[in-house]
Amino acid sequence: MSEPSSGVNQQTKLQPYLSPLTVWALSVGSAIGWGSLVVTSRTYLSQAGPLGSTLGLLVGYLMMLMVSSHYHYLGNHYPGTGGLYNYIKHVFGYDRAFLAAWFMFLTYISIFWANATSVPLFARYFLRGVFKVGYLYTIFGYEVYAGEAAVTLIVMGLVALLCAKSKLATARLMEILVLVFTVGITFCFAVAMLRRPSAGMSMAPAFLPDKGALRQVIRIAFISPWAFIGFESVSHSAEEYRFKHSNLFRILVISVTVITALYIFIVLMSVSAYPEGCSSWLDYIRRLDEFDGIAGLPAFYAANFYLGGTGVNILMLSLVALVLTSLIGMLRTVSRLCYAAAQDGILPARYTELNDKQIPVNTIVLVTLISLPIPFLGRTAIGWIVDTTTFGATILYGFASAAVYKVSGQEHDRKHRIISGICMVILVIFLVYLGFPGIFSDNTIETETYALLIAWSILGLVFFNGVIRKDHSRNFGKAIIVWIALLAFVVMLSATWAERFNESRENVIMEEIQNYVDGTADEQTLAMDEDTFFEHELSRIHDADNTSLILITSLFGLAIAVMLANYISMQRWEKKALEERDEATTVAFTDPLTGVKSKHAFLLQEKQMDADIAAHEHIRKASRMICDIFQHSPVYRTGGDEFVVIMRGRDFLIRKELVLALHDRSVEHISTGDVVISGGLSEYRPGEDKSFHPVFERADSLMYEEKKLLKGMGAVTREDAELAAKPAFRDDENADILHLKHHILIVEDERINQMM
């Protein structure tokens, strides 16, 4: 199949071309990257052992099945580009959609950066550091070389060029690469499991011996979103599906299953062999820093142990495929997210343009340009950025759960309501675990990651201010929840960052004190007398506390200042909109020749007068209908269309029959267009009701239920009407007050005199 020539046009609709196989490949390829083969041993095995890691991943797998159902549910309701951004926009509005998009952008682009900067690491491990030339500087303990930065930039540029030039070639390449690493990893795992027994390698212990098994499983489950984030990114390309959206759930389930299986294969393969001198896989994992090259990568060491150079080559090819698919998948995803955001004015209109191949090439260029400084930050800083994906995944999946919970509730879809509710609760727990690690004595996330998230949240407030100021359509700035959420996030993360910062400082100081007591400190320190030394150390602790307090206060003040700027921008728009509306009204209602009121103004006035006349006639009809039914009780008109009837004598004795008669007549009038009265029946409760007001309020509440029922009702049978009438007085079976609002009716018997 050929593609048209390149060029740029203003078409703003992507064209379908993605097959189910391609979508599956994009899903799997986006979720699994460099970290699956290289970082897994440190991320999982060092925290939970093989069995704990496997069980934790299976818990995460169950969570992802629920998330898959969410994206399928929302995708079928709101098909379109932008994925979760598009869903949240329809369910919760533009402001919350911006909040979701802000963290989605950080999450997805972090994965792109992580895999792009893994290319030099690949060369360090497998190509003897061939690109390790042109030393620039050391940042956060990581040496940055011009050669490695250059090769990273070249790889990003080539991937961007591929994605911008040919979507069909990109699709075919994704399918091939995903099959390569899926087959490669599975083959190496199978060989390792078959040959392990004869090699005498033990996979014991199943859990870390110094921690509880359940705690280890939970820990892995809590960080499992890191392993899966990206599988749902195919939702951003919904306009490009060449199949029914109803098939998405099956594709996502297969993707999540494959992803989980591959992670488990890598975990088990990594503990299936260990070098001489190591007593077990646990001893090996804890001493990884002592090993260089392939020996420092447990999965590769196992492949080499069982298959020799062939195994290493298979995993090397698999790793290259993993990196490329993640780069392609994430670049496509972020570009589609930016494309959708530009359509709503978050980004300039030029990012809605497509080239002649229906590719949003401008957004691809944008993402690439933003990524250019990344190779110069050093891998350590990138590691902190990658940590944000765990936070981001939890937030995004939480948004999806909340959206499904709301929509399924509106549609009375009990199954999805329950699933989304369960998922939402779990994800809130996840977020608390990540946000307040001190509560759980777990430091899963690096301290610097919290600082990055704080900065990103404040930057989000600043960027949102720019969106509001340029929002001529007035879509944004209506929900203060965005400001509150980002501010709360800043406060929460600042508290955690300060705690972690102080803890690290205190650990250093305690170590120095221990060295002083043991006599192992440096000569200058040992020369100090005890009083001077301890006073100095105490001063350092106070300085650390003051520093963190100043930083927290400054960050909070900055966030408040940005929120105030946002509020001022929003007020300016409101004032401008009001002035424009008043000006438009004046022009529309004024005759340009004479200056008196125009014909349009006259027609509106006539319409209003007709409405008033109709309302008056309506009120009279309502009054006649009420008096006709409640013939032995006084009727009061207490407001525009509000009536009160105090039931007496015979009316009170047959009150339920009269209520049903009122309902029957209202139902009949629905089809004829005549007056319809909704009501609620309550009673005076001796000893409980101290005044008339609580009786009235109960009737008023029940009346609204009847009103809602009548609004949605057409012609019904007598049996249906009798059943439907029950909400009007179901809470008070012995009711003696009937309250009808929007034609209100209240009925009461002689016992009401007890409280007069």
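Residue numbers count from 1 along this sequence. Note that this is a predicted model, so its numbers are computed, not measured.
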How far apart are the closest heavy atoms of [X] and [Y], and which atoms are they?
| X | Y | result |
| --- | --- | --- |
| Asn355 | Ala164 | ND2-O, 3.3 Å |
| Val234 | Ser27 | CG1-N, 3.5 Å |
| Val312 | Ala303 | N-CB, 4.3 Å |
| Ile32 | Thr325 | O-OG1, 4.3 Å |
| Arg379 | Ser118 | NH1-N, 3.4 Å |
| Gln343 | Thr352 | N-CG2, 3.5 Å |

Would you find more than 12 non-hydrogen atoms of other residues, nucleotides or ligands less than 6.0 Å from Arg172 atom CZ?
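Check passes, neighbour count above 12.
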So, Arg417 side chain and Tyr405 main chain: donor-acceptor pair closer than 3.5 Å or not?
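Looks like yes, one N/O pair under 3.5 Å.
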Within the side chain of Tyr306, is there an N or O that forms a donor-acceptor pair under 3.5 Å with the backbone of Ser272?
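Flag set: sc Tyr306 to bb Ser272 pair under 3.5 Å.
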Pair [X], [Y]: side-chain N/O donor-acceptor within cut-off below 3.5 Å:
| X | Y | value |
| --- | --- | --- |
| Glu175 | Thr22 | yes |
| Arg332 | Thr170 | no |
| Tyr85 | Asp344 | yes |

So, Glu148 and Arg124, do they make that salt bridge, N to O below 4.0 Å?
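Salt bridge flag = yes for Arg124 with Glu148.
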Salt bridge check, Glu240 against Arg336: does any charged N sit closer than 4.0 Å to a carboxylate O?
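Judged by the 4.0 Å cut-off on N to carboxylate O distance, Arg336 and Glu240 do form a salt bridge.
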side-chain contact (heavy atoms from CB on, under 4.5 Å) with Thr260: which of Ile264, Thr257, Val258?
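Only one option passes, and that is Ile264.
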Step by step, would you call Phe300 with Tyr125 a ring pair (Phe, Tyr, Trp, His ring centres under 6.0 Å)?
CA-CA 11 Å; Phe300 282 87; Tyr125 276 113; 8.2 Å; no
Parallel, tilted or perpendicular: which fits the ring planes of Trp456 and Trp102, with parallel below 30° and perpendicular above 60°?
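Rings of Trp456 and Trp102: parallel, as their planes differ by under 30°.
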Just verifying a value: how many Å separate Ile426 CD1 and Leu431 CG, rounded to the nearest 0.5 Å?
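Answer for the CD1-CG pair, Ile426 versus Leu431, is 14.0 Å.
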Please list all pairs passing the ring pair (Phe, Tyr, Trp, His ring centres under 6.0 Å) test where one or both residues lie in residues 161-189, with sequence neighbours left out.
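Listed by first then second residue: Phe189-Phe265.
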Please check if the distance between the ring centroids of Tyr397 and Phe430 is under 6.0 Å.
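So the answer is no for these two rings.
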Do the ring centers of His70 and Tyr87 come within less than 6.0 Å of each other?
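Ring-ring flag for His70/Tyr87: false, centres at least 6.0 Å apart.
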I'd like to check Phe228 versus Val67 (side-chain heavy atoms, cut-off strictly below 4.5 Å). Are they in contact?
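Not in contact.
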Can you tell which of Gln410, His416, Lys415 makes a side chain to side chain donor-acceptor pair (under 3.5 Å) with Asp413?
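Exactly one option meets the side chain to side chain donor-acceptor pair (under 3.5 Å) with Asp413, and it is His416.
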Testing Tyr339, Tyr241, Tyr108 for ring pair (Phe, Tyr, Trp, His ring centres under 6.0 Å) with His236, which one passes?
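Testing His236 for a ring pair (Phe, Tyr, Trp, His ring centres under 6.0 Å) against Tyr339, Tyr241, Tyr108 leaves exactly one candidate, Tyr108.
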